[in-house]
Amino acid sequence: MNTSTTQKIDIQKAVTSRIGQVDFNNLTFGSTFSDHMFECDYKDGEWQNPAIKPYGPLTISPGAKVFHYGQAVFEGMKAYKDDNGKIWLFRPEQNFLRINKSSVRMAMPEFPRDIFFEALTTLVKLDQAWIKPGPGNSLYIRPFVMGTQVGVGASPSTEYKFMILTSPAQAYYTGDVKVEIAEHYSRSANGGVGAAKAAGNYGAQFFPTNLAREKGFQQVIWTDASKHEFLEEAGTMNVFFRVNDTLLTAPISDRILDGVTRKSVIALAKRDNITVEERPVSVSEIVEAAKNGSLKEIFGAGTAAVISQVSAFSYHDKNYDIEKQENGFAARFKKELTDIQHNRGEDPFGWRYEVL
Ligand SMILES: *Cc1c(COP(=O)(O)O)cnc(C)c1O
């Protein structure tokens with residue numbers, strides 16, 4: 001793997017900023033993009049011409065492999081501005097390692113560490129005005145890679161484009177989240193691509209999620225593909241169950257996305273002397289816990305919403321409500337995580353990464 005390069009990033013600044021047209025109090029998640037984007041091409045066996053340019057459309061041949069075979073991976077991370085105007089990332093090394101892990105699974109070339117970090121920090125600094133301080137505010141960062149070689153032959157692309165977009169975000173309120181436990185569809189399977197942030201994983205879950213929505217649920221809790229016996233992820237998030245005072249979550253495998261939020265919640269819980277069990281969590285034990293009152297909380301964990309509390313679940317067409325916990329684990333981890341992210345508290349694990 002070529003992990004380092006001496007290439008300089010070419011910077012072409014936007015002549016005028018679009019920031020004045022943006023209502024920062026009314027943002028729809030991921031739909032407004034800041035002034036600049038990063039682009040780098042892979043050709044002749046190497047990454048070349050790294051450039052930051054004004055955000056705008058691309059010209060790509062309709063014959064490019066990504067459109068035919070979905071050879072694409074992505075990442076999601078955030079930059080935060082603290083009350084003194086300093087800018088921070090949260091565990092960006094994890095996203096760097098993961099995008100390359102995803103790329104390897106999709107037969108795509110890994111991206112060099114030094115250009116990744118230089119692109120990320122240069123882009124965030126250039127568009128720092130797009131990051132608002134205050135609780136819930138952040139700049140969502142979307143690195144992605146796609147196969148751009150022209151040709152519909154079913155083989156890996158020999159050319160790729162690596163890009164980073166950034167998008168201002170406010171607190172992501174999910175409201176009351178009711179979930180349906182999957183009994184037919186699956187998100188991932190043994191030996192599949194579930195552990196990669198492959199674009200197609202999301203495409204494939206839209207249809208079953210729509211079916212659940214029609215029945216009044218916001219999300220699906222994915223179960224193992226073979227027997228639908230074990231609870232694996234919730235929507236596009238990792239999932240935690242609190243039974244009495246023990247925290248349960250599925251172990252990392254090739255069916256589970258190794259979430260940064262998930263591993264951060266586990267670290268915080270262990271530090272706080274909460275028992276955490278990373279093991280297969282069966283549907284039957286959670287149904288039983290719901291019946292006998294020991295199921296206290298279910299929550300999703302992921303970068304976009306941080307922690308998203310589940311208020312009810314359905315299994316075999318039966319609904320189970322989860323009583324709202326006033327000072328539950330979900331609220332506590334959300335506060336602990338966002339305090340670290342926004343530089344409002346100690347950073348005992350060294351997770352913050354100073355940009356500016
Ligand atoms: C991105 C993602 C997550 C969450 O990962 P974070 O690093 O915490 O944002 C969980 N599950 C799936 C399927 C994902 O794609």
Side-chain angles (χ1 to χ4, degrees), residues 29-30 70 72-80 89-103 105-106 120 138-145 164 166-167 169 171-172 174 177 179 182 185-190 192-209 218-225 230-241 247 249-269 278 281 298-310 330 333-334 336-338 340-341 349 351 353:
F29 182 79
V73 300
F74 67 97
E75 265 307 320
M77 53 205 294
K78 284 176 172 173
Y80 310 87
L89 296 171
F90 182 71
R91 308 186 77 176
E93 175 75 11
Q94 297 291 321
N95 302 91
F96 167 72
L97 294 172
R98 194 170 63 188
I99 199 166
N100 280 343
K101 188 178 151 200
S102 298
S103 289
R105 179 61 184 83
M106 296 300 287
L120 198 59
S138 65
L139 186 70
Y140 182 76
I141 303 169
R142 168 52 60 91
F144 63 107
V145 198
I164 306 177
T166 69
S167 169
Y172 195 98
T174 42
V177 180
V179 299
Y185 292 99
S186 309
R187 192 193 78 85
S188 66
N190 289 330
V193 294
K197 267 184 119 69
N201 286 344
Y202 280 54
Q205 78 181 56
F206 293 156
F207 176 69
T209 305
Q218 283 71 46
Q219 277 302 343
V220 174
I221 293 200
W222 305 104
T223 48
D224 65 288
F230 297 101
L231 299 155
E232 305 211 312
E233 295 210 43
T236 57
M237 307 176 96
N238 294 110
V239 66
F240 286 88
F241 303 87
L247 206 50
T249 193
I252 292 308
S253 72
D254 56 11
R255 300 193 307 270
I256 307 284
L257 199 290
D258 187 6
V260 181
T261 319
R262 174 191 179 278
K263 66 176 70 165
S264 305
V265 164
I266 293 172
L268 289 169
E278 289 178 72
V281 181
I298 301 180
F299 56 90
T303 296
V306 191
I307 300 288
S308 168
Q309 189 129 24
V310 170
F333 294 132
K334 181 159 193 167
E336 290 182 355
L337 275 173
T338 53
I340 294 173
Q341 290 165 339
F349 300 98
W351 287 337
Y353 178 102

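Order of appearance sets the numbers: ligands from 1, and atoms from 1 within every ligand.
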Discussion item. Would you say the rings of Phe90 and Tyr80 are close, in the sense that their centroids are separated by under 6.0 Å?
Written reply: no

Item to complete: Name the closest protein heavy atom to atom 8 (O) of ligand 1, giving the residue it belongs to and the distance to 0.1 Å.
Response: Thr261 OG1, 2.6 Å

Worksheet entry | Contact atoms of ligand 1, heavy-atom distance to Gly259 under 4.0 Å | 5 (O), 6 (P), 7 (O), 8 (O)

Practice prompt. Decide, yes or no, whether a salt bridge links Glu232 with Arg187 under the criterion of side-chain N to carboxylate O below 4.0 Å.
Written response: no

Discussion item. Closer than 4.0 Å to some heavy atom of Thr303 - which atoms of ligand 1 meet that?
Written reply: 6 (P), 7 (O), 8 (O), 9 (O)

Fill in: Gln309 side chain reached by Val177 side chain, heavy atoms, under 4.5 Å
no

Practice prompt. Could you label the plane-to-plane angle of the Phe299 and Phe333 rings as parallel, tilted or perpendicular, counting under 30° as parallel and over 60° as perpendicular?
Written response: tilted

Worksheet item: Judging by distance only, is a nitrogen or oxygen of Ala301 under 3.5 angstrom from one on ligand 1?
Response: no

Worksheet, complete the sentence: Quick note on ligand 1: atoms under 4.0 Å from a heavy atom of Thr236 include exactly 2 (C), 3 (C), 10 (C), 11 (N), 12 (C), 14 (C)

Worksheet entry | Arg187 near ligand 1 by a heavy-atom separation under 4.0 Å | yes

Practice prompt. Kindly give the heavy-atom pair with the smallest separation between Met237 and Ala305, and that separation in Å.
Written response: CE-CB, 3.8 Å

Practice prompt. Tell me which protein heavy atom sits closest to atom 2 (C) of ligand 1, plus the residue, atom name and distance to 0.1 Å.
Written response: Lys197 NZ, 2.5 Å

Worksheet entry | For Tyr202, the ligand 1 atoms whose distance to one of its heavy atoms is below 4.0 Å | 1 (C), 2 (C), 14 (C), 15 (O)

Discussion item. If you take the nearest heavy atom of each of Glu233, Gln205, Gln94, which one is closest to atom 12 (C) of ligand 1?
Written reply: Glu233

Worksheet item: Does the pair Glu233/Arg262 count as a salt bridge with the N-to-O cut at 4.0 Å?
Response: no

Worksheet entry | Any Arg98 heavy atom less than 4.0 Å from ligand 1 | yes

Fill in: Side-chain donor/acceptor of Thr223 to backbone N/O of Phe230, under 3.5 Å
no

